[in-house]
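We count ligands from 1, going down the list as the structure has it; atoms in each ligand are counted the same way. The shown structure was predicted, so the numbers you read here are calculated from the model rather than taken from an experiment.
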Amino acid sequence: MKTEFIKADISKPLDDQLTPAAEILKRGGLVAFPTETVYGLGACALDSDAAKKIYAAKGRPSDNPLIIHISRPEDAEKYCFTNETFYKLSSAFMPGPITVIMPKKPIIPDAVTGGLDTVAVRIPSDKVANKLIELCGFPIAAPSANISGKPSPTDADAVMRDMNGRIDMVIDGGECNIGVESTIVKPISDGVKLLRPGGITVGMLEAVVGKVEIDPVITEKPTDDRKPEAPGMKYRHYAPIAKMTLICGDGKDFFERAAEFINKKISENENTGVLCSDEAAAKIKGKYVVSLGAGNDPAMHAHRLFKALRNFDDMPVDRIYAISDGKDEVELAVYNRMIKAAGYDIISI
Ligand code: TXA
Ligand code: MG
């Protein structure tokens, strides 16, 4: 299949630019498009056959449900049974990087929800994404536009690397602002359960809904008795080709200790990659050090993380060590992606 590549220019009217993409989606095709979190791989969410093509293009297990993307909160009524918590969340955070799990209405096919009786609903704030949904007039089902298991793409080049020849079109809308996937929550009686951390943080959620219960698999490896509520959280994910280990710890001299540990590894094997923030990077003596930005800029860490993980695949490294900067607020999203990228190989020092 030939994959068409178009650039969207948000300084000009988008309707004409995006009409060909909407046409492809209307006839059951696949289009990758930018969102404020990561690029999505879209299909019509009301069409089982179209949704199945997403699973084939990504090599995604069919029990891993898709998020449906709508352009306005009031459209949610058509596809799920909403409640008060949904509207509290939508007035505070939508459009934006949050996904809410709600009981589904029959119009959403089982192929989209992996047979679950709930559906994940999100309203992207990205202008291209929002306009594309509006032009279609139906919700767009979209997972991240990567081959299953790879880091999610945060620019159109990364999408092309994974999806060229597998889908009908890629829309280039530049770099994604946030860089990690949306926060996923499920309303519970007295608040929400957090199923995946993202740009909308625990503190932001608490201020709006009260209680936030954190799914333990966000910070720990899933086991038979500790199964994630978001099916996708059980799979190995985000992994660079070289094996990665995450170094954790705390205290004032943590970066010092981490650097000492890693520098020793580098002296034994110069093809060692290191992923960390600027402060730690200054102490590392290797050739393949990738910084996520200043230690006090967690939003930058999220923004750069997936590109950094993909970068290692282009370097002659056969081993990677990442240094954790903590688990507070946005850093929880970064930590969660890092432990998965490391296949839960974590060393505390
Ligand atoms: O930011 C995002 O959310 C991006 C952009 C494209 O919108 N999308 C994204 O989709 O990250 P994906 O498919 O890569 O991740 C969706 C996650 C998976 O872990 C999936 O298991 C979970 O959402 N999920 C989807 N529907 C669910 C449901 N009904 N109940 C629980 N988890 C669900
Ligand atoms: Mg994904």
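Atom 27 (C) of ligand 1 has as its closest protein heavy atom Pro65 CG, 3.4 Å. At the top of the distance list for atom 15 (O) of ligand 1, counting protein heavy atoms only, stands Arg196 NH1, 3.1 Å. Protein heavy atom in closest approach to atom 23 (O) of ligand 1: Ile184 CD1, 3.2 Å. Remark: minimum distance from atom 32 (N) of ligand 1 to any protein heavy atom is reached at Ala230 CA, 3.3 Å. Shortest contact from atom 3 (O) of ligand 1 to any protein heavy atom: Ser182 OG, 2.6 Å. Closest to atom 19 (O) of ligand 1 among all protein heavy atoms lies Gly232 CA, 3.2 Å. Among all protein heavy atoms, the one lying closest to atom 31 (C) of ligand 1 is Glu229 O, 3.4 Å. Nearest protein neighbour of atom 6 (C) of ligand 1, counting heavy atoms only, is Gly40 CA, 3.5 Å.
In terms of polar-atom proximity, defined here as any N/O pair under 3.5 Å, His69 does make such a contact with ligand 1. No N or O atom of Tyr39 sits closer than 3.5 Å to an N or O atom of ligand 1. The shortest N or O to N or O distance between Lys58 and ligand 1 is not below 3.5 Å.
Ionic pairing of Arg27 and Glu23 is not present here: no N-O contact between side-chain nitrogen and carboxylate oxygen is shorter than 4.0 angstrom. Ion pairing between a basic and an acidic side chain is recognised when a charged N comes within 4.0 Å of a carboxylate O; Lys131 and Glu134 show such pairing. Salt bridge absent: Arg226 and Asp215 never bring a charged side-chain N and a carboxylate O closer than 4.0 Å. Salt-bridge check for Lys327 with Asp250: failed, with every basic side-chain N at 4.0 Å or more from each acidic carboxylate O.
The proximity of Thr118 to ligand 1, defined as any non-hydrogen pair under 4.0 Å, involves the side chain as well as the backbone. Residue Glu36 does not touch ligand 1, judged by heavy-atom distances below 4.0 Å. At a heavy-atom cutoff of 4.0 Å, ligand 1 is contacted by no atom of Lys186, backbone or side chain.
In this structure, the ring of Phe33 has its center no less than 6.0 angstrom from the ring center of Tyr39.
Asn130 and Ser71 share no side-chain donor-acceptor pair at under 3.5 Å.
Judged by a 6.0 Å distance limit and a 45° cone about the ring axis, Lys283 is not positioned over the six-membered ring of Phe255. A cation-pi geometry, defined here as NZ or CZ lying under 6.0 Å from the six-membered ring centre and within 45° of its normal, does not hold between Arg337 and Tyr335.
Atoms of ligand 1 found under 4.0 Å from any heavy atom of Asn64, numbered from 1 in the order shown, are 18 (C), 20 (C), 21 (O). Taking a cut-off of under 4.0 Å to the non-hydrogen atoms of Leu116, the atoms of ligand 1 that pass are 28 (C), 29 (N), 30 (N). Listed by number with element, the atoms of ligand 1 under 4.0 Å from a non-hydrogen atom of Glu181 are 1 (O), 2 (C), 11 (O).
Each of Asp314, Asp313, Asp155 was compared with Arg161 under the salt bridge (charged side-chain N to carboxylate O under 4.0 Å, His left out) criterion, and only Asp314 meets it.
The option with the heavy atom closest to atom 16 (C) of ligand 1, from among Ile67, Leu66, Asp63, Val121, is Ile67. In the candidate list Pro97, Ala145, Ser148, Ser144, Ser144 is nearest to atom 9 (C) of ligand 1, counting heavy atoms.
In this structure Thr37 satisfies the side-chain hydrogen bond (donor to acceptor under 3.5 Å, both in side chains) test together with Thr35, Arg122, sequence neighbours excluded.
Each salt bridge (Lys or Arg N to Asp or Glu O under 4.0 Å) pair with one or both residues in residues 339-349, not counting sequence neighbours, appears once here: Lys243-Asp345. Sorted by first then second residue, the salt bridge (Lys or Arg N to Asp or Glu O under 4.0 Å) pairs that include residues 182-200, not counting sequence neighbours, are Lys186-Glu229, Asp190-Lys211, Lys193-Glu229.
Take a cut-off of 2.8 Å around the Mg ion (ligand 2): the protein N, O or S atoms inside it are Ser144 OG.
One finds the OG1 atom of Thr245 at 6.5 Å from the CD1 atom of Ile247 (value rounded to the nearest 0.5 Å). One distance of note links CG of Leu66 with OG of Ser144; it measures 10.0 Å at 0.5 Å rounding.
Listed for the Asn336 side chain is a donor-acceptor partner under 3.5 Å among the backbone atoms of Ile218.
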task: Would you check, one step at a time, whether the test side chain to side chain contact (heavy atoms under 4.5 Å, CB included) holds for Glu4 with Val170?
output: CA-CA 6 Å; Glu4 226 178 305; Val170 174; over 6 Å; no
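Heavy-atom distances between Thr113 and ligand 1 stay at or above 4.0 Å for every pair.
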